[in-house]
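See below for the structure under consideration.
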Amino acid sequence: KAVGATITGNYDRTSGLDQIFGEPALYGPASLFYMTGTVYVQIPKAGRLSFDLQRTKSTQEILSANDFRANLLTVRFTREF
């Protein structure tokens, strides 16, 4: 393969209730999403040039001051020897 792509991610949501006692959580229901997408080019006799885009987002229903979002673009070159 000379060119390829991969995508991985996860999404998690909590109800905001304690599992053991049933008490409401301090910050209420929360959700977390993160994803990584990679596009790569295999260069013969040189190596692999990859571009990674990572995104994440965390939200809380009651206390939205703790919410955050982040994006990260990484360019990397790897070589086998």
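All values below were derived from every heavy atom in this structure, side-chain atoms included, with hydrogens, water molecules and symmetry-related copies excluded. All residue numbers in this chain count up from 1 along the given sequence.
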| Sequence-distant partners of T59, side chain to side chain donor-acceptor pair (under 3.5 Å), two or more places apart | S31
| field | Closest non-hydrogen atom pair between Q60 and D67, with its separation | value | N-OD1, 2.7 Å
| task | Could I get the full list of side chain to side chain contact (heavy atoms under 4.5 Å, CB included) partners for L72, not counting sequence neighbours? | result | Q54, T74
| note | Going by chain and number, the hydrophobic cluster around I7 (ILVMFWY, side chain to side chain under 4.5 Å) further includes Y11, F33, M35
| request: Kindly write out the residues that satisfy side chain to side chain contact (heavy atoms under 4.5 Å, CB included) with A5, not counting sequence neighbours, or none if the list is empty. | output: V39
| message | For N10, give me all partners under side chain to side chain donor-acceptor pair (under 3.5 Å), at least two apart in sequence or on another chain. | response | Y34
| task | Starting from the C-alpha separation in whole Å, work towards a yes-or-no answer on side-chain contact (heavy atoms from CB on, under 4.5 Å) for T56 and F68. | result | CA-CA 8 Å; T56 186; F68 71 88; 3.8 Å; yes
| Residues two or more places apart in sequence or in another chain: which of them pass side chain to side chain contact (heavy atoms under 4.5 Å, CB included) with T38? | T6, T36, S50, D52, R76
| query | If every non-hydrogen atom of P29 is compared with every non-hydrogen atom of R13, which pair is closest and at what distance? | reply | CB-NH1, 3.3 Å
